[in-house]
**Q** 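Structure in structure tokens, see below.
Basis for what follows: all heavy atoms, side chains included, without hydrogens, waters or symmetry-related copies. Throughout, residue positions are numbered sequentially from 1 according to the sequence presented. In each ligand, atom 1 is the first atom listed, and ligand 1 is the first ligand listed. Here the structure is a predicted model, which is why all the values come from computation and not from measurement.
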Amino acid sequence: MKLTVLGCYGPYPKAKGACSGYLLEDQEQEVRILIDCGNGVLSRLLTYCNDLNKLDAIIISHLHPDHISDLMILRYALAMGQTKGKISKSIDLYLPASPMDDYNRIQYNQAYNMKVIEDGGKINIKGIDISFLRTDHPIECYAMSFQKGIKKFVYSGDTKYHQPLIQFAENSDLFLCEGGMLHKDMTDSVPHVSAKQAGEMALMAKVKRLVLTHFYPDVDTGHLFIEAGEVFPYILELAEEHKNYFI
Ligand SMILES: [Zn+2]
Ligand SMILES: [Zn+2]
């Protein structure tokens with residue numbers, strides 16, 4: 001599998017950056033899945049997948065705006081493409097059903113084939129087994145695991161430090177985990193993990209490679225790298241927009 005980071009900032013981007021969005025493909029590029037669709041992601045997606053017919057599905061971790069705002073724009077591209085005969089069908093969109101007001105605002109004409117995800121749910125998209133784990137976040141949010149053959153990729157979504165996520169991410173080849181702030185800046189009310197906590201979860205989960213993401217735009221990512229590296233002594237990287245990560 002190949003992961004391309006389309007956007008790695010939250011809750012808002014820095015100049016020329018984009019919020020959460022990741023394109024997962026298999027090596028032969030027969031499967032394309034968009035994971036999260038924050039602001040700025042559609043433009044980036046079209047760089048790598050200009051024919052939206054080739055996008056198999058979209059999976060959304062949760063309905064916070066930094067993860068869904070470009071769904072509101074992508075739906076225009078899909079609906080207009082359908083009208084012009086360029087897009088053959090509604091695209092499968094997997095997402096949580098709450099908050100209900102946000103969920104109900106997403107559909108436009110027949111742009112999306114909306115499918116609700118649940119804790120413990122499992123789906124298969126063209127040979128990739130995908131499962132979901134509810135995280136600890138103020139609204140319904142899911143971490144997700146993608147397995148193809150012996151390879152396993154896990155994305156944390158947004159979460160506070162969450163013990164069940166450790167087991168869920170166990171032995172993954174790549175763990176894409178939020179960790180966009182320094183531990184000293186954390187308070188109990190912050191619904192995220194620090195870089196240190198991301199490193200701790202990755203260590204306990206025995207992941208082979210940790211990639212930090214969901215960066216606050218004004219944080220020095222070099223400091224995040226140092227902080228996570230003090231607890232996670234294996235392969236550690238920072239998410240970089242437009243960079244590919246092979247799993
Ligand atoms: Zn977020
Ligand atoms: Zn969030």
Side-chain angles (χ1 to χ4, degrees), residues 3-24 33-45 58-74 93-106 116-119 132-145 153-162 164-165 168-169 175-183 185-198 201-202 210-219 221 224 228 238-241:
L3 183 76
T4 305
V5 175
L6 304 178
C8 62
Y9 294 97
Y12 61 96
K14 69 177 188 181
K16 298 183 181 175
C19 284
S20 297
Y22 310 93
L23 180 63
L24 185 70
I33 301 169
L34 176 64
I35 303 166
D36 280 346
C37 191
N39 54 297
V41 166
L42 175 57
S43 173
R44 296 270 170 84
L45 172 68
I58 303 165
I59 305 178
I60 298 293
S61 63
H62 66 305
L63 305 187
H64 274 156
D66 53 328
H67 298 255
I68 61 162
S69 57
D70 262 13
L71 282 182
M72 303 303 182
I73 309 303
L74 175 57
L93 171 62
Y94 296 87
L95 73 175
S98 74
M100 198 190 294
D101 286 352
D102 296 305
Y103 179 86
N104 288 337
R105 281 191 311 125
I106 289 169
V116 170
I117 57 178
E118 294 174 337
D119 192 25
F132 300 99
L133 173 80
R134 178 95 187 243
T135 68
D136 184 356
H137 203 53
I139 62 171
E140 185 180 2
C141 181
Y142 293 95
M144 49 196 89
S145 164
F153 159 58
V154 172
Y155 168 50
S156 66
D158 281 6
T159 188
K160 293 179 88 158
Y161 187 90
H162 193 46
L165 182 55
F168 188 73
F175 181 32
L176 177 67
C177 187
E178 73 139 300
M181 56 193 300
L182 293 167
H183 201 66
D185 297 327
M186 297 291 288
T187 64
D188 282 348
S189 63
V190 174
H192 297 284
V193 288
S194 64
K196 178 178 179 224
Q197 289 173 319
M201 288 196 294
L210 169 64
V211 177
L212 295 180
T213 192
H214 201 284
F215 303 128
Y216 281 73
D218 54 359
V219 77
T221 53
L224 299 174
L238 299 170
E240 251 180 72
E241 292 177 342

**Q** Surrounding CG of D188 (heavy atoms of other residues, nucleotides or ligands, distance under 6.0 Å), is the total greater than 12?
**A**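 12 or below, so no.
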**Q** So that I can check it, does any N, O or S atom in D66 come closer than 2.8 Å to the Zn ion (ligand 2)?
**A** no
**Q** Is the Zn ion (ligand 1) less than 2.8 Å from at least one N/O/S atom of E178?
**A** no
**Q** Roughly how far, to the nearest 0.5 Å, is CD of E178 from NE2 of H214?
**A** 5.5 Å
**Q** For the Zn ion (ligand 2), does an N/O/S atom of H137 lie at less than 2.8 Å?
**A** yes
**Q** Near the Zn ion (ligand 2), is there an N/O/S atom from H64 that is less than 2.8 Å away?
**A**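 Checking the Zn ion (ligand 2) against H64, an N, O or S atom does fall under 2.8 Å.
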**Q** Looking at the Zn ion (ligand 2), is there an N, O or S atom belonging to H67 that lies under 2.8 Å away from it?
**A**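 False for H67.
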**Q** Decide yes or no for L24 and I59: does some side-chain heavy atom of the first lie under 4.5 Å from some side-chain heavy atom of the second?
**A** no
**Q** Short check: any N/O/S atom of C19 below 2.8 Å from the Zn ion (ligand 1)?
**A**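 No - counting backbone and side chain alike, C19 has no N, O or S atom under 2.8 Å.
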**Q** Return the name of the atom in D158, of element N, O or S, nearest to the Zn ion (ligand 2).
**A** OD2
**Q** Using a 6.0 Å cut-off, check whether atom CG of D101 has over 12 heavy atoms from anything other than its own residue.
**A** no
**Q** Quick one: CZ on F153 to CG on L176, what's the gap to the nearest 0.5 Å?
**A** 5.0 Å
